[in-house]
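Have a look at the structure below, then the notes.
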Protein chains: 2
Amino acid sequence: MFLSTSHNKIDLKCRVSIPASFRMNLEKLKEPLILFKSLQFPCIEGTTLTRMQRYINAIDELDALSDDAFLLRMMMADSFEIKFDINGRVVIPDILMSFANLTNKAVFMGIGESFYIWSPSEYENQYNKSQKILNEKGPPKLILKKNE
Amino acid sequence: MFLSTSHNKIDLKCRVSIPASFRMNLEKLKEPLILFKSLQFPCIEGTTLTRMQRYINAIDELDALSDDAFLLRMMMADSFEIKFDINGRVVIPDILMSFANLTNKAVFMGIGESFYIWSPSEYENQYNKSQKILNEKGPPKLILKKNE
DNA sequence: TTGACTACCATAAAATCCCATGTTATCCCA
DNA sequence: TGGGATAACATGGGATTTTATGGTAGTCAA
């Protein structure tokens with residue numbers, strides 16, 4: 001699982017250390033890392049290849065001409081299988097750098113099955129927004145399911 | 001799996017480099033590359049021989065005398081098994097060059113099980129269209145429910 | 001013999017690998 | 001419990017390899 005938040009530096013070659021705990025999670029699962037444009041936020045989403053495979057399989061099951069299939073294909077086009085260097089760093093592709101407005105700092109935010117990479121300023125926006133909702137509407141109602 | 005997008009040059013002999021990651025995917029699968037006319041868009045589709053076989057089988061399931069089967073067969077007739085040169089380039093057949101309106105630039109767009117080759121201008125059209133759908137309709141339902 | 005096609009060589013730019021180093025976290029023993 | 005030793009982590013820089021792409025020579029067929 002991807003959990004916790006950390007702030008890492010992006011160097012001039014667009015390299016950034018993936019937090020060790022995220023790396024260990026991937027290693028344990030023996031999964032390659034996929035980075036892609038979030039469809040909901042101006043940030044990068046990271047996940048496992050297996051999880052991405054689920055979206056790809058879904059494409060074949062949808063009507064090929066449907067909007068959903070079209071969007072999913074575009075999502076694949078902006079997805080990258082990412083390799084680690086020996087120190088646990090990755091290179092963030094240009095397309096993703098500019099999509100998420102990244103320059104020299106990245107905020108890694110684990111959300112369970114995947115994680116987000118934000119620019120510091122955009123992360124702050126989202127964080128403040130969540131605090132505001134919390135203050136105005138109170139905590140969300142959550143119903144827990146048992147594990148299978 | 002074919003992922004990511006890249007822009008490569010087509011030279012006077014209609015040679016173009018297939019992105020290294022696509023090549024490696026084919027090598028790993030030990031699959032030859034097939035190029036053919038997309039059934040949905042004015043672009044070339046590239047895929048493995050095995051997947052092409054699945055298309056052909058799907059056609060056989062249709063009423064053999066139907067218009068659909070007729071059209072699909074005509075499209076499939078313009079399919080080519082493509083060989084790489086030692087540097088990972090292929091020659092794009094004339095028929096496909098003109099079908100996709102290709103001249104001196106090609107955009108390779110990985111969509112999972114296969115990939116598209118667009119002319120730059122047509123690629124831009126499709127990209128803009130996807131942004132419009134995303135803005136108007138939001139992301140596919142599939143993306144929002146993260147787990148099965 | 002010409003023209004088209006293929007196989008191979010050359011090169012610049014870009015991506016990748018690997019070593020070095022400072023910093024933070026963890027461990028272990030007094 | 002404190003503090004030094006050790007390991008893990010994040011980051012910088014340079015060497016090496018890969019990739020994309022231009023060009024040339026060889027081959028086959030009309």
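For the numbers below, each heavy atom of this structure counts, side chains included, while hydrogens, waters and symmetry mates do not. Order of the sequence lines sets the chain letters (A, B, ...), proteins ahead of strands, with each chain counted from 1.
For the pair F80(B) CZ and dT6(C) P, the computed distance is 12 Å after rounding to whole Å. Atoms NE2 (H7(A)) and C1' (dT11(D)) sit 17 Å apart, rounded to a whole Å. Between the CG atom of N8(A) and the C1' atom of dA8(D) there is a distance of 14 Å, rounded to whole Å. The distance from atom CD1 of I92(B) to atom P of dT21(D) is 12 Å, rounded to the nearest whole Å. Nucleotide dA10(D) holds its P atom 17 Å from the CG atom of N104(A), rounded to whole Å. Computed from coordinates, the I82(B) CD1 to dT6(C) C1' distance equals 14 Å when rounded to whole Å.
The stretch residues 16-37 of chain A has no heavy atom under 4.0 Å from DNA chain C, so no residue of it qualifies as close.
Between F22(A) and F108(A), the two ring planes are perpendicular [angle over 60°; tilted spans 30° to 60°]. A tilted orientation is assigned to the rings of F70(A) and F41(B), their planes being inclined by 30° to 60°.
For L65(A), the CG atom sits in a packed shell: over 12 heavy atoms of surrounding residues, nucleotides or ligands are nearer than 6.0 Å. Within 6.0 Å of CD in Q40(B) there are more than 12 heavy atoms belonging to other residues, nucleotides or ligands.
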Next on the checklist: At under 4.0 Å between heavy atoms, how does the protein contact nucleotides 22-30 of chain D? Give one character per nucleotide, 5' to 3', with B, S or -.
Outcome noted: BBB------
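Among residues two or more places apart in sequence or in another chain, the side-chain hydrogen bond (donor to acceptor under 3.5 Å, both in side chains) test is passed with D78(B) by K37(B).
Ion pairing between a basic and an acidic side chain is recognised when a charged N comes within 4.0 Å of a carboxylate O; K132(B) and D67(A) show no such pairing.
No option in L26(A), L33(A), N25(A), I34(A) other than L26(A) meets the side chain to side chain contact (heavy atoms under 4.5 Å, CB included) test with T48(A).
Of the residues near DNA chain C, K83(B) and V91(A), the one whose nearest nucleotide (by heavy atom distance) lies more toward the 5' end is K83(B).
Of all heavy-atom pairs spanning I44(A) and A100(A), the tightest one is CG1-CB, 3.9 Å.
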